[in-house]
Every structure is written in structure tokens, then in C-alpha cells.
Asks: 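Take a look at the following structure, please.
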Amino acid sequence: MPLTISSVCRNITPSTTLRLNALVNEKKQQGLDVISLAAGEPDFATPAHICQAGKRAIDEGRTKYTAVAGIPELRRALSEYLLSMRGLRYDAKQTIIGTGAKQVLLGALQAILEPGDEVLLPAPCWLSYPEMVRMAGGVPVVVHTTMDQGYVPSREQLSWAVTPKTRAIILNTPNNPTGVVWDEAALRMVAEVARAQDFYIISDEIYEDLVYEGEKHIPIASLSDDAYARTITISGFSKAYAMTGWRLGYAAGSKAVIEAMEAYQSHATGNPSSVAQYAALAALTGDQACVEEMRRAFEWRCAAMLAVLDAIPGVRYAKPHGAFYVLADVSRLLGKRFRGEVMETDGRFAELLLEHALVSAVPGEPFFAPGCLRFSYAINEERLAEAGRRIKAFVQELV
Ligand SMILES: Cc1ncc(COP(=O)(O)O)c(C=O)c1O
């Protein structure tokens, strides 16, 4: 047999964000003052009491394998947290802790997909979803939405995309890359279509704590008994507690799905990091003021980011109310010239912006948002203001 690479891995699109990060790092190594508006993580440090719990776990020798689905005290705490904070009644056995929401999402897809099953992806969507669906043997079915419809599909759009092979939909609210928060009517519509056509709802709620201007995050599983029964709720510790490097996420759902995910996880990763689990226990059971403090900072920054974009002619966006991204439609600027070169695509826009203005943003294309750039405002306001000046100067040069 030739020493080939599997078709699954050959066909994975390498992460655009990682390629961009490499370019940014190259510039930084050259001593250049790059401002990154491309980050997918909070710039805050993990709160001290969470770090201390992790350190304590090391000192106390809690450094061995744990139960596959997580330490019982964390699953219990999660079950209580989901009830008190989200209004979701999940028994501890209906929860599983994994190595980041990312791994948990893949586990959920592995648990429910048969080869060739279709998964609906309302788009723009996180660039990992289609790859994960394919990695789990499924077929991603992208449901395109526009800025004018607030990046939320209509009932007709969703229903048209359904076939007898539809097994699931992946929802993500608050959304990466748009920052849009789905309202109750939209969520009810999804729950109704899912019920009528009998498919799973995978609800990625990783940004649930980061909502602004009085907006409310509604877990779709809270809407009805039927929605609860067919939803796999996914979230984690990365964004709300600034714990991206600890790699800890979770799912909650029916016992059957969670047990299947546990069986898969037992052979895929074993258990998530023991030390991170003790830190997460402190995160869930400790003072939640740190979450609110960071949320408030992001709310300020969101307003500052929008003020930056408002000052640039030709840029439009659907107003974000959550996460820490805004998807800026720059299509009206494409086709213009920058220093003699015609700027054709959002990808080239991002490259030129990095090269000449030393500001990094992520092109919209991999999120199914061509003509757009995703700006993250997970940086302090001073740097944000400086980034704004640089973007404005860059755009003023376009002819
Ligand atoms: C929409 C979405 N889901 C999941 C994740 C993954 O989170 P975690 O760090 O818990 O794996 C991210 C991270 O960027 C994300 O944007």
C-alpha cells in the first residue's frame, strides 16, 4: 500500500486564522507594531481564584486520569449551574466535560451522524463547523443568509435546505463571526422546523455570557420539551472565564447522546485535563463577578469598534449584540485600487491591511461571508482607537 494521507485529512481546509496568525507573528518578529483584530480569545488573564484552584490541584496531586466524562463534582456543579443560570434541567449524568467546546462539538457529531448525513449550517458560521461535519462523515449543507436579514435564516430558507438525510442543524448564538444574537422567534422557528422534520439541534452557546445592551441569550433547549429532547447544548469555559488555554468545554443532552459521546471520548482523548477540571469547578462555583466585569469591558469595546467602523465610508454591518466580533461588509470597497493594485477580494483586503496598516482582520470568505472582514474587539480601547486611525488612513488611500 502506498504511504498516502487519508482523503478526510487531505480535504480539510487549513485554518485561515492560523495562516494569518503566522503572518502577524512574522511581522512582530521584525519588530513591527501590529494590532491584531483577528483574535478569537479574550485578552484578559484567567481570573486569579480559578488559577489558584488549578495550582492547588497540582499541589494536591490531582494529576491522574479522571472519569472519562469528567470529575463527578464538576458534572454536579455544571448541572446546578445550568439550572440556576440558564434554566436548563440536566441531571449530572446528562453532561459531559471535554477538551474544549471544539472537541465536544466533534464528539457530538461523531455520536449522531451516519455516513452521508446532512448537517444544516446557517451561515455566516464558524469556519470549523463544515470541517468537523466532514471529519465525522457528514455532509455540511450551508444555508446562506444576508446582512439585510440580520444573518438569521427565514423558515422558508431553512425548510428548503432540509432533505430526508438531514440529521442536525448547528446553531451558534451569540454568533461567530457576526456577533448577532438570535431572538426567541428565530429560535422557535428552528425548533419547529427541527420538530416537523425530526432532526437534532446542536446549539453552540460558547459566547452565551457575552451579550450587550440588555440583549438576552436564550438557550434553545429551554423553549419546549421537544426542543429540550432534541438539543445537544454545547458551551465551555474559554470565552466567559478567559480560559482558552485550559481547554475545557462541555455538552448537555439526552442520556443516550451523552453516553455515546462518552464512549467516543473514552477512546479519543480519555478524559479532559484533571487540573483544568478543578480550575473549572472553581469557575462555576466561585464568584461570577469576573464574568460580568469582562462582559462590561467587551460591551464598551463593542461600541468603540462600531464607532471606528461608522467613521469609514463604504463599510456596513449588522449590529452585533454579543460575542466579541463584528462582521464588516467591505464589498463596496472591493474593486478599488490600493497603490496601483486592484483589491479584488476580502482576502487581499486583509493581506494589504496587514502589510500596509499593520492591522490584522480575518477575511469573511472562510465563514461563508465573502466581501466581509471579521474584526475582533478583544483588545484594549487605546489600541482599538489606534487600529481605527490606521484602517481609516488605509481606506482613504483607496481610489
Ligand atoms: C463558535 C465557536 N464555538 C466553539 C469554539 C471553541 O471553543 P473552545 O475553546 O472551548 O474549544 C469557538 C472558539 O473560537 C467558537 O468561536
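One-based numbering along the sequence shown. Counting convention: from 1, in listed order, for ligands and their atoms alike.
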Asks: V315 pairs by side chain to side chain contact (heavy atoms under 4.5 Å, CB included) with which of V326, D329, L333?
Replies: L333

Asks: Can you run down the salt bridge (Lys or Arg N to Asp or Glu O under 4.0 Å) pairs that involve residues 117-133, sequence neighbours left out, and say none if there aren't any?
Replies: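 Checked against salt bridge (Lys or Arg N to Asp or Glu O under 4.0 Å) - neighbours excluded - the pairs reaching residues 117-133 are D117-R167, E131-R134.
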
Asks: So for atom CD, which belongs to E382, do other residues, nucleotides or ligands contribute more than 12 heavy atoms lying within a distance under 6.0 Å?
Replies: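 At most 12 heavy atoms, drawn from other residues, nucleotides or ligands, come within 6.0 Å of this atom.
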
Asks: At a heavy-atom distance under 4.0 Å, which protein residues reach ligand 1? Sort them by chain and number, would you?
Replies: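 If the criterion is a heavy atom under 4.0 Å, then ligand 1 touches G100, A101, K102, W126, Y129, N172, N176, D204, I206, Y207, S238, K239, R247.
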
Asks: Side chains of R339 and H356 only: does a donor on one sit below 3.5 Å from an acceptor on the other?
Replies: yes

Asks: Do R75 and D91 sit within salt-bridge range, that is, some charged N less than 4.0 Å from a carboxylate O?
Replies: no

Asks: Can you confirm whether more than 12 heavy atoms, excluding those of K93, are under 6.0 Å from its NZ atom?
Replies: no

